[in-house]
Protein chains: 2
Amino acid sequence: MSIEKEQEIFADFIRSKKLKRSEQRQLIMEVFLKTEKHLTAEELYDMVKKKNPSIGYATIYRTMKLLTEAELCRELLVDDGVTRYEHLYDHKHHDHLICTECKTFIEIESPEIEALQEKIAKKNGFLLTKHRLDLYGLCRNCRS
Amino acid sequence: MSIEKEQEIFADFIRSKKLKRSEQRQLIMEVFLKTEKHLTAEELYDMVKKKNPSIGYATIYRTMKLLTEAELCRELLVDDGVTRYEHLYDHKHHDHLICTECKTFIEIESPEIEALQEKIAKKNGFLLTKHRLDLYGLCRNCRS
DNA sequence: ATACCTGCAAATGTTTTGCGACTAA
DNA sequence: TTAGTCGCAAAACATTTGCAGGTAT
């Protein structure tokens with residue numbers, strides 16, 4: 001899975017905002033894009049630190065904010081109080097099935113649920129801007 | 001709407017856990033139960049402080065944990081990072097429609113959505129323990 | 001040369017915890 | 001009397017920010 005398109009989008013974003021490219025941002029972006037997981041800032045920090053031991057937490061957070069702004073990343077807030085980051089580019093909207101034991105994230109999609117949500121919002125006079133559906137439970141392995 | 005039944009449940013809970021009754025817990029419980037809103041710890045603290053100015057934050061948090069254990073309260077985690085508390089006793093399971101502007105919470109219920117969730121969980125081999133559905137948007141008043 | 005960036009440490013905001021004094025049982 | 005409880009201040013935790021020095025354009 002190539003990450004070139006995303007890198008290009010980020011480069012454009014940096015240029016359009018009159019920001020600068022930097023080694024650190026480049027590295028953090030690569031680590032994030034090459035890992036198809038829902039990573040926490042800490043996990044990202046640990047991975048990036050291996051390639052650049054002088055990196056600071058602040059740079060991780062600041063870069064992830066930029067990637068989020070550039071729509072390459074989505075911040076995921078789950079019930080354990082730690083923000084996770086997931087790929088957004090070329091990913092359809094989806095929700096999550098989360099194993100509370102091993103923290104596996106499975107992405108799910110349900111047009112039927114989305115339709116029902118719209119119906120409920122409409123009935124209550126709301127203009128829906130976003131939603132969040134997390135299903136928590138035990139995965140096949142952790143049920144035993 | 002009477003709160004006697006809930007008070008009785010809490011008294012039983014306290015007894016069964018070999019804890020003690022106290023003025024502070026009684027007061028916090030009353031303030032919580034008499035307010036049919038989704039309160040934050042801070043809001044609760046402010047309200048309780050009016051009746052007992054010496055109350056501390058820690059007592060609010062500790063008491064709300066007890067009420068949650070006693071199943072009189074549910075902790076609600078929404079995207080602004082602040083925990084809110086809502087009544088649980090005699091309240092059916094429900095989700096929320098939240099106005100991001102005025103922070104109005106509307107409780108919603110959808111057996112159809114719940115059924116679809118179970119179906120998705122089953123398909124993925126998950127044993128569902130809980131879920132969370134928040135719909136964010138603008139309410140009728142805030143749309144203008 | 002002029003922004004912008006970085007790492008660090010300090011600050012933030014929410015929630016939890018340790019502790020000595022206090023109080024219900 | 002002996003647990004449990006309280007309020008306080010300090011700690012914990014994830015995240016953000018100010019700053020002085022460094023870097024891309």
Side-chain angles (χ1 to χ4, degrees), chain A residues 10-32 38-46 48-70 73-85 103, chain B residues 7 10-32 38-70 73-85 103:
Chain A
F10 193 55
D12 286 350
F13 175 81
I14 291 290
R15 227 173 289 124
S16 74
K17 289 262 176 181
K18 296 199 197 309
L19 304 178
K20 289 171 181 165
R21 47 196 347 275
S22 81
E23 230 180 87
Q24 292 94 327
R25 282 180 186 165
Q26 199 61 28
L27 177 56
I28 294 166
M29 175 174 65
E30 277 173 24
V31 168
F32 169 66
H38 301 79
L39 298 170
T40 62
E42 192 187 359
E43 288 163 346
L44 222 29
Y45 174 77
D46 290 342
V48 171
K49 210 169 174 61
K50 283 180 192 152
K51 306 201 175 182
N52 179 349
S54 71
I55 205 85
Y57 256 105
T59 306
I60 301 283
Y61 281 110
R62 287 192 274 232
T63 302
M64 296 318 289
K65 277 263 169 295
L66 290 178
L67 286 166
T68 303
E69 259 192 89
C73 171
R74 177 158 78 121
E75 298 185 347
L76 224 65
L77 294 114
V78 271
D79 278 7
D80 64 359
V82 188
T83 300
R84 268 158 245 263
Y85 302 96
K103 304 274 173 185
Chain B
Q7 290 191 306
F10 193 54
D12 286 349
F13 175 81
I14 291 289
R15 228 172 290 125
S16 74
K17 289 263 177 181
K18 299 200 196 304
L19 305 178
K20 290 173 181 166
R21 46 195 348 274
S22 82
E23 228 181 88
Q24 291 94 329
R25 283 182 185 162
Q26 198 62 27
L27 177 58
I28 292 167
M29 174 174 65
E30 276 174 26
V31 167
F32 169 65
H38 301 80
L39 298 170
T40 63
E42 191 187 0
E43 288 164 345
L44 222 30
Y45 174 76
D46 290 342
M47 293 171 80
V48 171
K49 212 169 173 58
K50 283 180 191 151
K51 305 199 176 184
N52 178 349
S54 71
I55 205 87
Y57 255 106
T59 305
I60 301 284
Y61 281 109
R62 289 192 272 232
T63 302
M64 296 318 288
K65 278 265 170 290
L66 289 178
L67 287 166
T68 303
E69 259 192 88
C73 172
R74 175 157 80 121
E75 298 185 347
L76 224 66
L77 294 114
V78 272
D79 277 7
D80 63 0
V82 189
T83 300
R84 269 159 245 262
Y85 302 96
K103 304 277 173 182

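Owing to the predicted nature of the structure, the values given are computational and were not obtained by experimental measurement. In the text below, chain A, chain B and the rest are named by the order of the sequence lines, each starting its count at 1.
Using a cutoff of 4.0 Å between basic side-chain nitrogens and carboxylate oxygens, R15(B) and D12(B) are scored as salt-bridged. For the pair E30(A) and K51(A), the salt-bridge criterion is not met [side-chain N within less than 4.0 Å of a carboxylate O].
The closest donor-acceptor contact from the side chain of R62(A) to the backbone of R25(A) lies at 3.5 Å or more, if one exists at all.
One N or O donor and one acceptor, one from the side chain of R62(B) and one from the base of dG7(D), sit under 3.5 Å apart. Between the side chain of K18(A) and the base of dA3(C), no donor-acceptor pair under 3.5 Å is found.
Rounded to an integer number of Å, the gap from CG of L76(B) to P of dT14(C) is 16 Å. Nucleotide dT15(D) holds its P atom 13 Å from the CG atom of D79(B), rounded to whole Å. Rounded to an integer number of Å, the gap from I55(B) CD1 to dC6(D) P is 7 Å. Residue L27(A) contributes atom CG, which lies 15 Å from atom C1' of dG7(C) at whole-angstrom precision. Rounded to an integer number of Å, the gap from Y45(B) OH to dT14(C) P is 14 Å. As rounded to whole Å, 10 Å separates atom P of dT15(D) from atom CZ of R84(A). If you take NZ of K49(B) and C1' of dC8(D), they are 11 Å apart, rounded to a whole angstrom. Here the C1' atom of nucleotide dC13(D) and the CG atom of L77(A) are 15 Å apart, to the nearest Å.
Among the protein residues, K17(B) comes within range of no part of the nucleic acid, since none of its heavy atoms lies under 4.0 Å from any strand. Using a 4.0 Å heavy-atom distance criterion, T40(A) is classed as making no nucleic acid contact.
Checking dA25(C), dT15(C), dC8(D) against the side-chain heavy atoms of R21(B) singles out dA25(C) as nearest. For K20(B), the side-chain atoms get nearest to dG4(D) when compared with the rest of dA9(D), dT25(D), dG4(D).
Looking only at side-chain heavy atoms (C-beta outward), L39(B) and M47(B) come within less than 4.5 Å of each other. Inter-residue side-chain proximity for T59(A) and V48(A) is flagged as unmet; no heavy-atom pair is nearer than 4.5 Å.
At the phosphate of dT6(C), neither OP1 nor OP2 sits under 4.0 Å from any side-chain N or O atom of S54(A). Phosphate contact (OP1/OP2 of dT16(D), side-chain N/O of K65(A), threshold under 4.0 Å): present. Proximity of Y61(B) to the phosphate of dT15(C): a side-chain N or O atom is located under 4.0 Å from OP1 or OP2. An OP1 or OP2 oxygen of dC6(D) is reached within less than 4.0 angstrom by a side-chain nitrogen or oxygen of S22(B).
If A41(B) and L19(B) are placed on DNA chain C by their nearest nucleotide, the residue sitting closer to the 5' end is A41(B). A residue-by-residue look at R25(B) and Y57(B) shows that R25(B) has its nearest nucleotide of DNA chain D further toward the 5' end. Taking the nucleotide of DNA chain D with the nearest heavy atom to each of E23(A) and Q24(B), the more 5' of the two is matched to Q24(B).
Summarising the geometry, atom OH belonging to Y61(B) is positioned 11.0 Å from atom OH belonging to Y45(B); distances are rounded to the nearest 0.5 Å.
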